[in-house]
> 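I'd like to ask you about the structure that follows.
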Amino acid sequence: MAVRGNIVGIDSPEALEKALRAAYYLADEGLATSAYLGLALGKPLLLEGAPGVGKTEAAKAIAAVLGRRLIRLQCYEGIDASAALYEWNYPRQMLAIRQAGDESIDIYGETFLIERPMLAALRAPDSTVLLIDEIDRADQEFEAFLLEFLSDFQISIPERGTVRAVERPVVVLTSNRTRDLHEALRRRCVYHWIDYPTAEREARIIMMRASSVAEATARAVVAAVGRLRREPLSKAPGIAEAVDWAEAATLLHKGGARWPDAFKRSIGVALKDEEDLHFISPRLDAMLAEATA
């Protein structure tokens, strides 16, 4: 296995953690170590965790640190190889055939190839980061299709031959763990579970991502979302919702709303499900009063 000891000046997990912080992403020691090992060993990084804990943002921050373009493949039920690899532009091929008349024409040339995320990453491994987002949404057939790609980083185009990456591309996979991933996929990756941050870290994230928010407001939001996440909600607020809630409440407060009324009036920024709002409504006042105390 070829080990890349130095990646754009990053020679340790601590250096990567510092670089991610400069990219406005606060990574803990575990995430910084896993991400560094994935980069240094040339292995995909698999991030699992509840929705909203910052998995996708971690991939964006890694791309920013490396100075590379992020290519995102959003998985969904029924996704197939054509959506991930490539497609042929059939209308353009047919038009070219008609225009060529009796002349010969190569309808499998570059101009007729529609590049999809995985092929794009193979062709430019030194300038891209491939994010395979929410792999657990895809079916097991697509997951099996990924195994060869993640092992050899090559694909076969029957009409043109095999495309191989000149170096191992940087690949990040995320999963909300709505289903278990195959063991063979996990073996190919460096794995890390991302949990919700501690209250202290989440308050720092809010103040970093929303510079107009006061520390007291950030800590109140953290206390409130911490309570909300312990409730049986269909969609608990993630870190992004916590940041948005702090910004929204601050905006209302600057417009004249008092605390904690500013939090209550902007609750739709944190909770985005009617049943969740109805469920939490009877206890919301007491919850916010405790959070802002």
Side-chain angles (χ1 to χ4, degrees), residues 31 34-35 38 41-60 62-63 69-90 113-125 128-165 168-196 232-236 238-240 272-273 275-276:
L31 175 56
S34 297
L41 299 176
K43 296 176 72 68
L45 174 64
L46 173 58
L47 301 176
E48 277 196 320
V53 295
K55 303 182 295 296
T56 300
E57 288 299 317
K60 293 178 180 179
I62 290 171
R69 176 170 63 99
L70 182 75
I71 302 176
R72 182 174 180 176
L73 174 61
Q74 177 61 55
C75 296
Y76 53 87
E77 185 177 355
I79 188 174
D80 59 10
S82 63
L85 290 176
Y86 68 93
E87 288 183 292
W88 291 110
N89 191 329
Y90 293 114
L113 185 64
I114 302 175
E115 195 176 68
R116 298 304 185 198
M118 289 170 62
L119 178 58
L122 285 184
R123 287 174 142 185
T128 61
V129 171
L130 175 62
L131 168 60
I132 303 176
D133 213 9
E134 299 184 312
I135 181 59
D136 54 319
R137 287 177 174 259
D139 53 34
Q140 293 183 350
E141 288 75 15
F142 183 76
E143 186 181 338
F145 155 75
L146 282 178
L147 296 180
E148 181 180 358
F149 175 83
L150 296 178
S151 293
D152 303 325
F153 292 108
Q154 68 178 37
I155 62 171
S156 177
I157 302 178
E159 300 84 359
R160 302 190 61 176
T162 300
V163 178
R164 295 181 178 87
R168 297 179 73 86
V170 176
V171 181
V172 180
L173 299 94
T174 72
S175 168
N176 295 330
R177 209 166 190 175
T178 57
R179 68 172 178 84
D180 287 334
L181 301 179
H182 197 281
E183 184 63 26
L185 180 68
R186 294 180 179 276
R187 284 201 303 268
R188 285 160 170 77
C189 303
V190 174
Y191 177 82
H192 184 69
W193 171 267
I194 299 184
D195 208 343
Y196 287 115
L233 303 176
S234 62
K235 187 183 184 305
I239 298 173
K272 302 174 183 180
D273 182 87
E275 292 184 0
D276 287 346

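The structure presented is a predicted model; accordingly, all values stated were derived computationally and were not measured. Worth knowing before you read on, the calculation uses all heavy atoms, side chains too, and leaves out hydrogens, waters and symmetry mates.
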> State, with a plain yes or no, whether a side-chain heavy atom of Leu46 is found less than 4.5 Å away from one of His192.
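A side-chain contact is absent here, since even the closest heavy-atom pair is not under 4.5 Å.
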> Do Leu119 and Leu113 have side-chain heavy atoms sitting under 4.5 Å apart?
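Yes; the side chains approach each other to less than 4.5 Å.
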> Is any side-chain heavy atom of Cys189 closer than 4.5 Å to one of Leu173?
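Contact flag for Leu173/Cys189 side chains = yes.
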> Quick one: does any side-chain atom of Asp136 pair with a main-chain N or O of Arg177 as donor and acceptor, under 3.5 Å?
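Checked: pair present.
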> Strictly by modelled atom types, are Ser82 and Asp80 linked by a side-chain donor-acceptor pair under 3.5 Å?
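Indeed, the side chains of Ser82 and Asp80 share at least one donor-acceptor pair under 3.5 Å.
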> In sequence, state the C-alpha distance, the side-chain angles, and the governing distance for Ile114 and Trp88, and then conclude on side-chain contact (heavy atoms from CB on, under 4.5 Å).
CA-CA 6 Å; Ile114 302 175; Trp88 291 110; over 6 Å; no
> Report the C-alpha separation of Asp273 and Lys235 in whole Å, then their side-chain angles, then the decisive distance to 0.1 Å, and conclude whether the salt bridge (Lys or Arg N to Asp or Glu O under 4.0 Å) test is met.
CA-CA 7 Å; Asp273 182 87; Lys235 187 183 184 305; over 6 Å; no
> Would you find a donor on one side and an acceptor on the other, under 3.5 Å apart, between the side chain of Arg137 and the backbone of Tyr76?
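No; judged by distance alone, with no hydrogens or angles, the pair does not exist.
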> Indicate the atoms forming the closest heavy-atom contact of Ser175 with Ile135, along with that distance.
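Heavy atoms of Ser175 and Ile135 come nearest at CB-CG2, 4.0 Å.
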> Rounded to the nearest 0.5 Å, what separation is found between the CG atom of Leu73 and the CE atom of Met118?
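Reported value, rounded in 0.5 Å steps: 7.0 Å.
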> Report the C-alpha distance between Val171 and Ile132 in whole Å, list the side-chain angles of each, state the deciding distance to 0.1 Å, and finish with yes or no for side-chain contact (heavy atoms from CB on, under 4.5 Å).
CA-CA 7 Å; Val171 181; Ile132 303 176; 4.1 Å; yes
> If you take all heavy atoms of Ala120 and Ile71, which pair is closest and at what distance?
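Answer, listing the atom of Ala120 first, then Ile71: CB-CD1, 3.7 Å.
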> Start with the C-alpha gap between Arg179 and Glu143, add the side-chain angles, then the distance that decides, and say whether salt bridge (Lys or Arg N to Asp or Glu O under 4.0 Å) holds.
CA-CA 12 Å; Arg179 68 172 178 84; Glu143 186 181 338; 2.8 Å; yes
> Less than 4.5 Å apart, any side-chain heavy atom of Leu185 and any of Leu147?
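Yes, their side chains come closer than 4.5 Å.
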> Considering non-hydrogen atoms only, spot the tightest contact between Arg188 and Pro44 and give its length.
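Heavy-atom minimum between the residues: O-CD, 3.1 Å.
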> Step by step, work out the side-chain contact (heavy atoms from CB on, under 4.5 Å) result for Thr174 and Leu131.
CA-CA 8 Å; Thr174 72; Leu131 168 60; 3.8 Å; yes
> Search all heavy atoms of Ala84 against all heavy atoms of Phe145 and return the closest pair with its distance.
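That closest heavy-atom pairing would be CB-CE2, 4.4 Å.
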> Indicate yes or no: at least one non-hydrogen side-chain atom of Leu47 is less than 4.5 angstrom from one of Val172.
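Answer yes - side chains close enough.
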> If you count heavy atoms of other groups shown closer than 6.0 angstrom to CD of Glu87, is the number above 12?
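Correct, the count exceeds 12.
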> Would you call the rings of Phe153 and Phe149 parallel, tilted or perpendicular, where under 30° means parallel and over 60° means perpendicular?
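Rings of Phe153 and Phe149: perpendicular, as their planes differ by over 60°.
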> Using every non-hydrogen atom in the two residues, find where Ser156 and Tyr86 come nearest and quote the distance to one decimal.
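Shortest heavy-atom separation between Ser156 and Tyr86 comes out as O-OH, 4.2 Å.
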> Does Thr162 form a side-chain hydrogen bond (donor to acceptor under 3.5 Å, both in side chains) with Gln154? I'd like the steps, not just the answer.
CA-CA 7 Å; Thr162 300; Gln154 68 178 37; 5.3 Å; no
> For the pair Glu115 and Arg123, evaluate side-chain contact (heavy atoms from CB on, under 4.5 Å) and give the outcome as yes or no after the intermediate values.
CA-CA 10 Å; Glu115 195 176 68; Arg123 287 174 142 185; 2.9 Å; yes
> Kindly give the heavy-atom pair with the smallest separation between Ile62 and Ala35, and that separation in Å.
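Answer, listing the atom of Ile62 first, then Ala35: CD1-CB, 4.1 Å.
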> Using 0.5 Å steps for rounding, measure from the NZ atom of Lys43 to the OG atom of Ser34.
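The distance works out to 12.5 Å.
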> Counting distance only, does the side-chain N/O of Lys55 pair as donor-acceptor with the main-chain N or O of Gly49 below 3.5 Å?
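Yes: the side chain of Lys55 pairs with the backbone of Gly49.
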> Would one find more than 12 heavy atoms of other residues, nucleotides or ligands at under 6.0 Å from atom CD of Glu183?
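Atom CD in Glu183 is packed in, count exceeds 12.
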> Less than 4.5 Å apart, side chain to side chain, heavy atoms only: is that true for His182 and Gln140?
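Side chain of His182 against side chain of Gln140, heavy atoms only: no contact under 4.5 Å found.
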> Find out whether Ile194 and Leu31 are in side-chain contact, i.e. whether some heavy atom of one side chain is under 4.5 Å from a heavy atom of the other.
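Of all side-chain heavy-atom pairs linking Leu31 with Ile194, at least one is under 4.5 Å.
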> Indicate yes or no for a side-chain donor-acceptor contact from Asp276 to the backbone of Leu233 under 3.5 Å, with no hydrogens or angles considered.
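Between the backbone of Leu233 and the side chain of Asp276 there is no qualifying donor-acceptor contact (under 3.5 Å).
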> Supply the atom-to-atom distance Thr56 OG1 to Arg72 CZ, rounded to the nearest 0.5 angstrom.
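Answer rounded to 0.5 Å: 5.0 Å.
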